[in-house]
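First up is the structure itself, then whatever we jot down about it.
Quick note on labels: first sequence line is chain A, next is B, and so on, each numbered from 1. What you see is a predicted model; the values in this text were computed from it and never measured.
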Amino acid sequence: MDTIAEAFARAFALLAAGDPELLAVIGLSLRVSLSATALACALGIPLGMALAMARFPGRRALVVLVDALMGLPPVVVGLLVYLLLSRAGPLGHLGLLYTPTAMVIAQTVLVLPVVTALSRNLGEQLLAEYGEFLRALGAGPLRRVAALVVEGRHALVTVALAGFGRAIAEVGAVMIVGGNIRHHTRVMTTAIALETGKGELATALALGIVLVAVALSVNALAHVLRARERELAHAGA
Amino acid sequence: MPAPELRVVPLPHGPLLRVEGLTVRLSGRAVLEGLDFELHEGLSVVLGANGAGKSVLLRTLHGLIPPAAGRMIWRHGHPPRRALVFQRPVLLRRTVRAQLRFALACAGVPWRRRRERVQELLELADLVHLADRPARRLSGGEQQRLQLATALALDPELLLLDEPAASLDPAATLAFERVVERVRRAGVSVLLVTHDVHQARRLAERVLFLERGRLVESGPAVRFFAAPTSAAARAYLEGRLAP
């Protein structure tokens, strides 16, 4: 009980003091996870929509695979990206291991199946509504994918948030490829793991509170933006 | 002065389309079977009970459903520009104007011409005052007129309408028919599927009557309504349930 009270007190103290190290850790967390989410969305949303539209042999199997990859354990992703980026690995010459870039790559791999699978699901719902209409208008495949993205824009915000949630919360992948290096690759989750390991439970919990607050703020911001867009477009559900 | 010699000029063009032995199967079941008919310019109406295959016929003529057998011989050797209006309006989550712009983009209308074409379509469909309204906030009748304008963005030579007024009240139906009439007068051929015998009487120049996937009767509307030759059509017109 004391720990919790102390943790809250310390969390506010840390934030109020504007501790530069804490702010840097929060900043890096956001930078890495938002970049990874943006990349995963740029790839995964069109991919998911295309997968919803396309008919080819083995499609069912691919859909099952992508759905299954949503549950990919972060440490496994971390390990795979590590093997790829380590000096002996195929991309070792890029020297990316233990950099924020490596962390972005790992989180992108982690988030991509989430965004793709959820977009595919959304795409299938939209196709039931618009598929024949778009074909009757003579829209080509690219235009149809684009139209589905535009028509699904409100639901896609939620898809992006689900991806961001997975990225900001994971610790295994960034720990392995980032190395939790102070002032360089330390993010909130790896810092929490470290502080807990050191027995600094109050600090760990304080960071945890901040992490939850950051995740909540991003979600709240997205909802505000979405509500405003909805109002402007009067788009209805 | 000698009277000018009367020459018999062959019609510059025959029927828009001649259909021979058209058969359509959906999941193995024949939905249309051995249809033979000619589609002429002007406004033709497809009548028939639920499940007669009217909507399938429309989709096949549009090219959305491939026929299993038979031939469709178009007047110029290739299909004309076709557009389809669905029974249930399909509306984008955009404004009326944006939906029309999207349809124009699909039709390949150059970007610079779209604004002007949107305006024309809005006027044609009596939607000018609703241009910046979200499409989904329109009333049923307005939605169906937007649907019509969306189809007209493709600049069709043949307009296919699938029970467009099925869920509209009389006033909205009349407003819709007014737009169809304008389109027809502009030289667009129309094939209208309807359940509504009164609507068919008001609009049809020719009638196709389908029953359970077969064409039972076809010909000029006047003759069809005055003296239907088939028992099924007589029963349908009298509002009796066919056996």
Side-chain angles (χ1 to χ4, degrees), chain A residues 41 45-46 48-50 52-56 60 118-119 121-160 222-237, chain B residues 55-56 58-66 79-109 121 130-138 143 146-156 158-162 164:
Chain A
C41 285
I45 290 174
M49 293 298 178
M53 263 174 43
R55 292 290 173 270
F56 54 89
R60 204 65 246 165
L118 296 179
S119 301
N121 200 303
L122 174 67
E124 282 175 5
Q125 291 170 33
L126 289 169
L127 269 183
E129 188 176 353
Y130 294 115
E132 206 176 32
F133 172 75
L134 292 172
R135 279 199 297 142
L137 282 178
L142 280 180
R143 197 184 293 282
R144 273 185 272 165
V145 168
L148 292 188
V149 172
V150 174
E151 295 314 305
R153 59 194 182 276
H154 298 117
L156 284 172
V157 173
T158 310
V159 170
H223 278 276
V224 169
L225 289 178
R226 183 164 56 162
R228 181 178 297 175
E229 209 273 340
R230 242 178 220 271
E231 205 173 303
L232 284 177
H234 287 282
Chain B
S55 294
V56 173
L58 223 57
R59 281 166 170 71
T60 308
L61 294 184
H62 183 279
L64 282 174
I65 301 178
R81 285 190 304 277
R82 292 159 290 180
L84 180 57
V85 171
F86 298 96
Q87 179 175 356
R88 198 178 51 83
V90 185
L91 302 154
L92 298 175
R93 292 162 170 84
R94 310 183 192 188
T95 61
V96 169
R97 192 188 296 281
Q99 166 144 346
L100 293 176
R101 289 190 75 90
F102 176 78
L104 289 168
C106 290
V109 173
L121 292 167
L130 301 168
D132 296 307
R133 196 75 76 76
R136 292 169 163 250
R137 298 277 164 86
L138 302 181
Q143 289 188 348
L146 171 58
Q147 210 56 31
L148 187 52
T150 305
L152 291 172
L154 303 183
D155 193 19
L158 174 61
L159 181 63
L160 305 158
L161 305 174
D162 190 2

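- Shortest non-hydrogen contact noted between Phe133(A) and Leu92(B) is CE2-CD2, 4.1 Å.
- For the options Ala105(B), Ala107(B), Ala153(B), heavy-atom pairs under 4.5 Å to chain A are most numerous at Ala105(B).
- Looking only at distances, a side-chain donor or acceptor of Arg153(A) sits under 3.5 Å from a matching main-chain atom of Arg93(B).
- Leu64(B) touches chain A through backbone and side chain together, each having a heavy atom under 4.5 Å away.
- The part of Leu126(A) that comes within reach of chain B is its side chain, from C-beta onward, which places non-hydrogen atoms under 4.5 angstrom from that chain.
- Listed for the Arg94(B) side chain is no donor-acceptor partner under 3.5 Å among the backbone atoms of Val150(A).
- Among all heavy-atom pairs drawn from Leu154(B) and Leu137(A), the shortest one is CD2-O, 3.7 Å.
- With a 4.5 Å cut-off on non-hydrogen atoms, Arg59(B) touches chain A through its side chain but not through its backbone.
- Here the closest non-hydrogen pair linking Ala136(A) and Leu84(B) is CB-CB, 4.5 Å.
- If you measure heavy-atom distances from Leu160(B) to chain A, you find no contacts under 4.5 Å at all.
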